[in-house]
Amino acid sequence: MELGIGKSSIVKALAETCGRSQKEIYRQFKDLGDLGLVAQASRLSQSMLLKPDALTVTKVFNTFLAKESGQNSREKKKNHIKSLLLAATDCEPLYLTRLLQKELRIGASEQTLLSALGQAAVYSEEHAEPPPEIQSPSEEAAKIVKQVYSVLPDYDKIVCALLSDGVWRLPTTCNFTPGVPVGPMLSNAITSVSKTLNKFQNVGFTCEYKYDGERAQIHYMENGSIEIYSKKAERNTKKFPDVAAAVARLKKIAVSSFVMDCEIVAYDRAKQKILPLQVLSTRARKNVAASDIKIDVCIFAFDLLYLNGQALLKENLQIRRKHLYASFEEESGFLQFATSITSNNAEEIKKFLDESVNASLGDTLDLVPIGAFHGCGQRAGVYGTFLLACYDNDNEEFQTICKTGIGFSEKELEKCSARLRSKMIPRPTTYYRHAEKIKPDVWFEATEAWEVKASDLTISNVYQAAVDKVDSDKGISLRCPRLVRVRPDKVPEDTTSSEQVAEMFKDQKQNHPNKSKTTNKNE
DNA sequence: GTCCCACACCCCC
DNA sequence: ATCCGACCCATTCGG
DNA sequence: CCGAATGGGTCGGATGGGGGTGTGGGAC
């Protein structure tokens, strides 16, 4: 469930609970890099004459579960938080605050919990000895629980099954269930194309386009009902009535139930052209009526996990694909199979790769750090994020383009932080063009150049790069910007210009509305 | 009293 | 989304 | 032959742009 509580709500509650201003709380937060530590430092209940009852797990849990919505709901939620904070002692304010933010920062998270669950089940095993061939029961049990959880992500069911029948029978007692989303298979990025091709020399492997849309898992049950889940298992059924209609129409007659893995992509059916993710994301999300849909989508199907009452999860991809192809009719702009090849020829594979990325594996720009934000958690004490800009020759100004905080080793981050700290200026210069919305904690003189890689350029409401060159009042920003290296050989005026940024944006294939469909059919 | 906008939150990548 | 660092484990290297 | 080095995989926790939705406050 969504708590609807974020940083601001917690800051408000904290401020009121300990009689400090929000400004003070924020100042301390920048210092400590963790609202939990701020709560801890506030020693909330020390001065209270009459302490509220000690907190119990049940009390905290029930308070979290109190669903508030509508008028005054924020006020009510804030009061819930205040009452918990007031009753908290010792380390409780720290972990309460972190729980509310869903980030415990204890170096253990879901995968560790699953391991622990499996190991605990071994130690309290009443049901059966581990099978004799098992070398390390606790490691094996951890594996089993993780595996089972990926197929049936439901703690209620798993814990009950562990208690009643033990961990060794878990794969039998907890099974894939139509209607319950399966953990998605995820891709891993490679670091070098040539290295990877070498690794697979003379080994047959399969390649497939990765489409830029939204992952979806479509469950079609025997009774004809449909559920659509996102990558993180959110129920998106009511967001995609058109997708539900398409699969129901395009499944073959013999198909009575299935689970399909696919990418939903915005699509212009008249031009038979894939549209950028930014277009897809403007679709309404809740209780969408088919008649209100303005952005059409095409389903790019790439896997089939369940068919006619049979799980295919343990079959290999070749077989799952065979079933996929045999179970659906393709219809351009509605449902298509992801473009793929299977080959053991490096040349062929390379060609397929080149076609798929159309020679744009990511853009690299040289940009100028002009501001920074204090880091959080492990990054407390250094800057966590830098505000970057590009130079515009027409207006002789630096225009903000994005923030970045990744790609640095810890050492590099410390060095950059120290170097730029000495270039701090009290306020932005007159030749920095930036939106009020983005206010870095500190500003810097424009003194150096950083090479930054991005996976895409986007139209932005908050960044100013190349404003007026592509859109009259919107600038350009970057998707997934990360530092590649500092460029000591370059000066700020010698970096990627806003003209070049505009060109890069226009060069992105999908931004050409009138390109022929032949050019685009393999996107 | 109504309408609109900013902001916070959450989710997508 | 991308990336880094810590950690674990299996394999390879080098004395 | 054995310990050290290396490499791959997993996990957690840093960090990015951007859009829809709901709430609350300000404008009218």
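Not measured: the values here are computed from a predicted model. Worth knowing before you read on, the calculation uses all heavy atoms, side chains too, and leaves out hydrogens, waters and symmetry mates. Proteins get letters first, then strands, A, B, ... in listed order; numbering begins at 1 in each.
Mapping A:E139 and A:E410 onto DNA chain C by nearest heavy atom places A:E410 closer to the 5' end of the strand. Nucleotides of DNA chain B nearest to A:K7 and A:K210 differ in position, and the one nearer the 5' end is that of A:K7. Across the interface with DNA chain C, nearest-nucleotide mapping of A:G407 and A:E263 shows A:E263 to be the residue nearer the 5′ end.
Counting only heavy atoms from C-beta on, A:T282 has its side chain closest to D:dG20 among D:dG12, D:dG20, B:dC9. Closest to the side chain of A:N461, out of C:dT2, B:dA8, D:dG19, is D:dG19. With B:dC12, D:dG12, C:dT2 as the candidates, the nucleotide lying closest to the side chain of A:S109 is D:dG12. Each of D:dG17, D:dG19, D:dG22 was ranked by its minimum atom distance to the side chain of A:K286; first place goes to D:dG22. The side chain of A:P481 sits closest to D:dG16 out of D:dG12, D:dT15, D:dG16. Of the candidate nucleotides D:dT23, B:dC13, B:dC9, B:dC13 has the atom lying nearest to any side-chain atom of A:D212. Nearest to the side-chain atoms of A:T458 among the listed nucleotides D:dG17, B:dC10, D:dA14 stands D:dG17. Between D:dG13, B:dC12, D:dT15, one nucleotide has an atom nearer to the side chain of A:R379 than all others, and that is D:dT15. For A:E103, the side-chain atoms get nearest to D:dA14 when compared with the rest of D:dA14, D:dC11, D:dG19.
The separation between A:L483 atom CG and D:dG16 atom P is 14 Å, rounded to whole Å. In this structure, CD of A:E2 is placed 10 Å from P of D:dG22, rounded to the nearest angstrom. D:dG19 atom P lies 10 Å from atom CZ of A:R285, rounded to whole Å. Summarising the geometry, the separation between CD on A:E436 and P on B:dC7 is reported as 11 Å, rounded to the nearest angstrom. Rounded to whole Å, the distance from CZ on A:R74 to P on B:dC9 is 7 Å. What separates NZ of A:K143 from P of D:dC11 is a distance of 12 Å, to the nearest Å. Rounded to whole Å, atom P of D:dG17 lies 18 Å from atom NZ of A:K453. Between the C1' atom of D:dT15 and the CD atom of A:E412 lies a distance of 16 Å, rounded to the nearest Å.
The shortest distance between the side-chain N/O atoms of A:S460 and the OP1/OP2 oxygens of D:dG18 is below 4.0 Å. For A:Q378, no side-chain nitrogen or oxygen approaches OP1 or OP2 of C:dG5 to under 4.0 Å. Look at A:T385 and you'll find a side-chain N or O under 4.0 angstrom from OP1 or OP2 of D:dG16.
Put simply, the side chain of A:R419 reaches to within 4.5 Å of the side chain of A:E448, judged on heavy atoms.
Under the 6.0 Å cut-off for aromatic ring centres, A:F337 and A:Y209 do not qualify, their centroids lying 6.0 Å or more apart. Taking the ring centroids of A:F386 and A:F408, they lie under the 6.0 Å cut-off. Ring pair A:Y267/A:F334: centre-to-centre distance not below 6.0 Å.
Under the 3.5 Å distance criterion, with hydrogens and angles disregarded, no donor-acceptor pair is assigned to the side chains of A:T400 and A:R433.
Around CE of A:M185, the count of heavy atoms belonging to other residues, nucleotides or ligands within 6.0 Å does not exceed 12.
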